[in-house]
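Comments concern the structure below.
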There are 4 protein chains.
Amino acid sequence: MAAKRKIDRPVSGGAVLRERVTAAITDAALGELADVGYARMSMEAVARRAGVGKAALYRRWPSKQAMITELVRSKITETLPHIPATGDLHSDLRGLLAAYHSHLANPLVALIGADLLAESRRDSTLADMLQTEVAAPRRQAARCVLQGAIDHGELPPTLDLKLATDLLIAPLAFRTLILDERSDDEYLETLTAATLAALKAAVRQP
Amino acid sequence: MAAKRKIDRPVSGGAVLRERVTAAITDAALGELADVGYARMSMEAVARRAGVGKAALYRRWPSKQAMITELVRSKITETLPHIPATGDLHSDLRGLLAAYHSHLANPLVALIGADLLAESRRDSTLADMLQTEVAAPRRQAARCVLQGAIDHGELPPTLDLKLATDLLIAPLAFRTLILDERSDDEYLETLTAATLAALKAAVRQP
Amino acid sequence: MAAKRKIDRPVSGGAVLRERVTAAITDAALGELADVGYARMSMEAVARRAGVGKAALYRRWPSKQAMITELVRSKITETLPHIPATGDLHSDLRGLLAAYHSHLANPLVALIGADLLAESRRDSTLADMLQTEVAAPRRQAARCVLQGAIDHGELPPTLDLKLATDLLIAPLAFRTLILDERSDDEYLETLTAATLAALKAAVRQP
Amino acid sequence: MAAKRKIDRPVSGGAVLRERVTAAITDAALGELADVGYARMSMEAVARRAGVGKAALYRRWPSKQAMITELVRSKITETLPHIPATGDLHSDLRGLLAAYHSHLANPLVALIGADLLAESRRDSTLADMLQTEVAAPRRQAARCVLQGAIDHGELPPTLDLKLATDLLIAPLAFRTLILDERSDDEYLETLTAATLAALKAAVRQP
DNA sequence: TTCTAATCGAGACGGTACGTCCCGTCTTGCC
DNA sequence: GGCAAGACGGGACGTACCGTCTCGATTAGAA
């Protein structure tokens with residue numbers, strides 16, 4: 001998913017970024033990212049670890065920033081879990097939380113997530129990427145489940161969708177990304193019940 | 001709050017870190033922090049801005065990391081809001097959320113919070129500090145309110161305290177620190193209602 | 001002779017380029033120069049060899065070019081030999097040639113001289129430096145001896161001074177710098193005689 | 001004169017270095033040489049200028065060094081002037097100096113000569129090439145004229161041939177290659193006279 | 001009041017990383 | 001197999017900070 005340049009045929013002959021090198025760099029970069037974190041990661045170290053010249057990195061990405069952004073985006077989105085929609089609110093909710101949980105449990109997501117969120121305050125490109133590639137799909141899935149429940153009469157039509165979405169995602173994300181604590185099945189079960197109750201009360205006040 | 005060394009009796013001579021210098025550095029550092037952010041802040045720039053030699057910084061803190069950590073810690077804790085305990089669960093809850101909100105609305109907290117949380121994954125000293133200095137007092141306040149409600153019979157004794165604490169803090173923290181969105185009074189009001197409902201359902205399943 | 005900055009007292013305290021570091025760099029640079037030549041010399045190698053950071057080099061000289069120029073200038077001029085002037089043309093001539101010879105026999109001069117002359121075609125700063133610091137004094141010495149001989153009637157007043165100067169310096173310089181051959185006493189003796197004869201004939205044609 | 005490989009019968013197929021490409025490279029290289037000089041010339045620039053792949057260069061020469069050396073060698077030798085031998089020492093001498101002069105006046109010789117001489121101190125292959133291809137023919141011509149003069153009795157049989165050769169070539173070479181100054185007819189005329197006198201005195205001392 | 005030792009501003013020190021350029025080699029697909 | 005294009009590993013460029021160290025000059029507590 002990396003290397004975007006040089007994919008269309010040049011006049012003749014020409015050289016193309018080599019797959020194996022791209023793979024080696026990607027592996028090395030993700031490894032470094034996990035080892036030392038976003039801020040302390042150095043391009044030189046990545047190149048060294050990949051057994052590659054620095055130029056090979058800069059041929060693929062214009063900067064350290066861009067490389068990490070792209071790498072993480074593809075890693076995160078490729079692990080985006082499927083979200084079910086059975087129609088029953090409680091089981092949909094449970095499914096949604098299970099999907100979030102399994103995604104957040106990915107070691108890379110947990111390790112890098114906090115770094116990215118911190119960095120995204122300063123880098124609007126990164127912020128936009130996270131918004132459209134990561135947050136939007138989740139929000140969409142949540143909204144889908146909520147709308148279904150409203151249509152079935154399980155949730156009131158006065159539901160504050162914005163707040164409801166926050167309520168759905170926040171506790172698990174907060175616990176995993178910020179408190180760095182694991183959540184077991186029992187936790188998820190109780191959380192589902194509590195979230196269900198919260199949603200029913202999340203209506204705009206008269 | 002800075003300068004920890006040299007506080008006990010020197011052998012002789014005048015050799016105490018000077019207050020004015022410490023203050024100048026602190027101001028400059030917070031200024032830089034606000035201007036360029038955690039990652040891009042340089043000690044050189046802080047020293048330059050404070051009109052101070054770099055050594056004056058390293059005489060006070062062992063590293064850039066430590067300096068920022070300590071500055072932010074003191075800024076964060078000094079703004080820790082008072083938390084009321086009237087006995088009425090709904091109004092206590094509202095008060096608690098208002099207190100969290102006003103604290104998180106502090107620009108410095110919002111700016112630096114995410115950085116510190118990210119960094120704390122790799123720096124257990126920082127993690128411990130945040131845990132004891134920031135998280136613990138909040139958790140304690142929450143627990144206090146919750147226990148009162150249980151004693152008054154407003155919440156069931158089977159309440160999962162761990163989960164309940166997460167439910168109390170997570171939505172607001174997530175929204176502010178991670179989504180970087182403001183919350184108005186109306187939002188807080190609805191959130192209070194929803195949280196109240198969630199808490200009542202946050203009991204361990206039979 | 002290196003380090004020209006920071007020699008006058010700043011407002012207070014301040015830091016000064018350290019003598020030992022300058023010496024280490026100078027040695028290392030001259031060593032590299034002798035080993036790999038002007039063109040192939042690298043600042044990194046010099047820094048490595050001197051056990052010094054690259055910044056220490058760039059604190060002293062603005063560029064590789066400038067460093068080499070200055071270093072060589074000082075090395076060459078510091079070995080500039082004393083030139084006698086007895087009044088007797090033959091012995092003055094012999095002395096002059098001996099002085100040139102001993103200077104050109106300096107291994108560094110011999111090794112670097114050709115590099116510098118080549119480079120000076122492209123670098124007018126270097127060319128000017130060589131002209132004023134190296135060539136001019138020699139030319140002056142030669143002119144002095146020649147003028148004395150004219151005054152004594154040993155050389156005709158119609159002597160072409162420009163040509164005569166070339167005749168004095170060229171054979172030895174050419175032989176040493178370009179042919180890279182040594183010259184012994186016997187050679188110098190014969191050369192003196194031949195040069196004397198040449199000078200007497202070096203008059204502008206009628 | 002370039003391309004030495006693949007000049008004899010290829011086994012099959014069309015696999016001979018193409019003349020047009022060689023010519024384009026040669027032109028481009030000489031152009032770059034003139035534009036930016038020996039040291040700053042880059043193979044990439046030559047390839048670009050010739051509209052040619054870098055491989056085409058390295059198929060013909062093993063290195064930048066080798067390419068320049070060979071190009072310049074061929075340019076220098078192809079401009080080697082004819083040297084007359086009338087029997088009259090003065091006019092032969094004048095002819096010799098005129099030939100040297102016209103050769104050295106070739107802009108390429110002047111531009112590259114000093115570089116090559118400098119480089120030849122560290123590259124014995126280059127030194128040998130210059131010796132056999134450039135210096136030897138000139139020395140031979142000089143020796144020829146000198147021997148003729150000895151045979152005719154115009155020069156003493158005790159003439160120091162080595163020194164005499166130096167005396168013949170040095171002033172002009174020095175002036176052109178090192179001082180980078182032009183020489184006009186009048187200069188050459190006077191130089192001839194002076195050189196003639198010098199030669200007559202260039203006998204080994206008793 | 002004098003002594004005296006640690007602090008001060010300034011910035012040099014050995015390092016590491018940045019992103020760029022070129023070297024000489026290697027790879028790809030067209031002719 | 002030569003060719004144009006250009007990716008490859010390597011290494012140097014000159015800059016910016018890191019955290020440490022070195023200067024005199026300043027300053028304030030102990031004598």
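Just so we're clear, the structure is a prediction, and the values are computed from it rather than from any experiment. Chain A is the first sequence line, chain B the second, and so forth, proteins listed ahead of strands; every chain is numbered from 1.
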With a cut-off of less than 4.0 Å, is there a side-chain N or O of [X] near OP1 or OP2 of [N]?
X     : N      : result
D/R20 : F/dG2  : no
A/R48 : E/dA17 : yes
B/R59 : F/dC21 : no

*Would you find a donor on one side and an acceptor on the other, under 3.5 Å apart, between the side chain of B/R121 and the backbone of B/L117?*
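No: the side chain of B/R121 does not pair with the backbone of B/L117.
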
*asked:* Need to verify one output field. Residue with the more 5' nearest nucleotide on DNA chain E, D/P62 or C/G53?
replied: C/G53

*Mind checking what makes salt bridge (charged side-chain N to carboxylate O under 4.0 Å, His left out) contact with C/K54, not counting sequence neighbours?*
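So C/K54 forms a salt bridge (charged side-chain N to carboxylate O under 4.0 Å, His left out) with C/E44.
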
Compare the minimum distances between each of [options] and the side chain of [X], then state the nucleotide with the smallest one.
X     : options               : answer
B/Y58 : F/dC3, E/dA17, F/dT20 : F/dT20
C/K64 : E/dC8, E/dG24, F/dG14 : F/dG14
B/S42 : F/dC18, E/dT7, F/dG6  : F/dC18
B/S63 : E/dG9, F/dC3, F/dG19  : F/dG19
A/A55 : E/dG14, E/dC21, F/dG6 : E/dC21

*Looking for any heavy atom pair under 4.0 Å, which part of the strands does D/R40 touch: base, sugar-phosphate only, or nothing?*
nothing

[atom1] of [X] versus [atom2] of [N]: gap in Å, rounded?
X     : N      : atom1 : atom2 : result
A/R18 : F/dC8  : CZ    : P     : 6 Å
D/M67 : E/dT25 : CE    : C1'   : 17 Å
B/E44 : E/dG9  : CD    : C1'   : 14 Å
C/L57 : E/dC13 : CG    : C1'   : 13 Å
D/M41 : E/dC23 : CE    : P     : 8 Å
C/K54 : F/dG11 : NZ    : C1'   : 10 Å
B/M43 : F/dA16 : CE    : C1'   : 16 Å
A/I25 : F/dC8  : CD1   : P     : 7 Å

*Can you measure from CZ (D/R18) to CD1 (D/I25) and round to the nearest 0.5 angstrom?*
12.0 Å

*To the nearest 0.5 Å, what is the distance between CZ (A/R73) and CE (A/M129)?*
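One finds 7.0 Å between CZ of A/R73 and CE of A/M129.
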
With a 4.5 Å cut-off on side-chain heavy atoms, are [Y] and [X] touching?
X     : Y     : value
A/L33 : A/K75 : no
C/R49 : C/D35 : yes
A/W61 : A/L71 : yes
A/K64 : A/M67 : no

_Please compare B/A45 and A/V52 by the position of their nearest nucleotide in DNA chain F and report the one closer to 5'._
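With B/A45 and A/V52 compared, the 5'-side residue is A/V52.
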
*Report the end-to-end axis angle of the helix from E/dC3-F/dG29 to E/dC31-F/dG1; each axis comes from five terminal pairs, and the value is rounded to 10°.*
30°

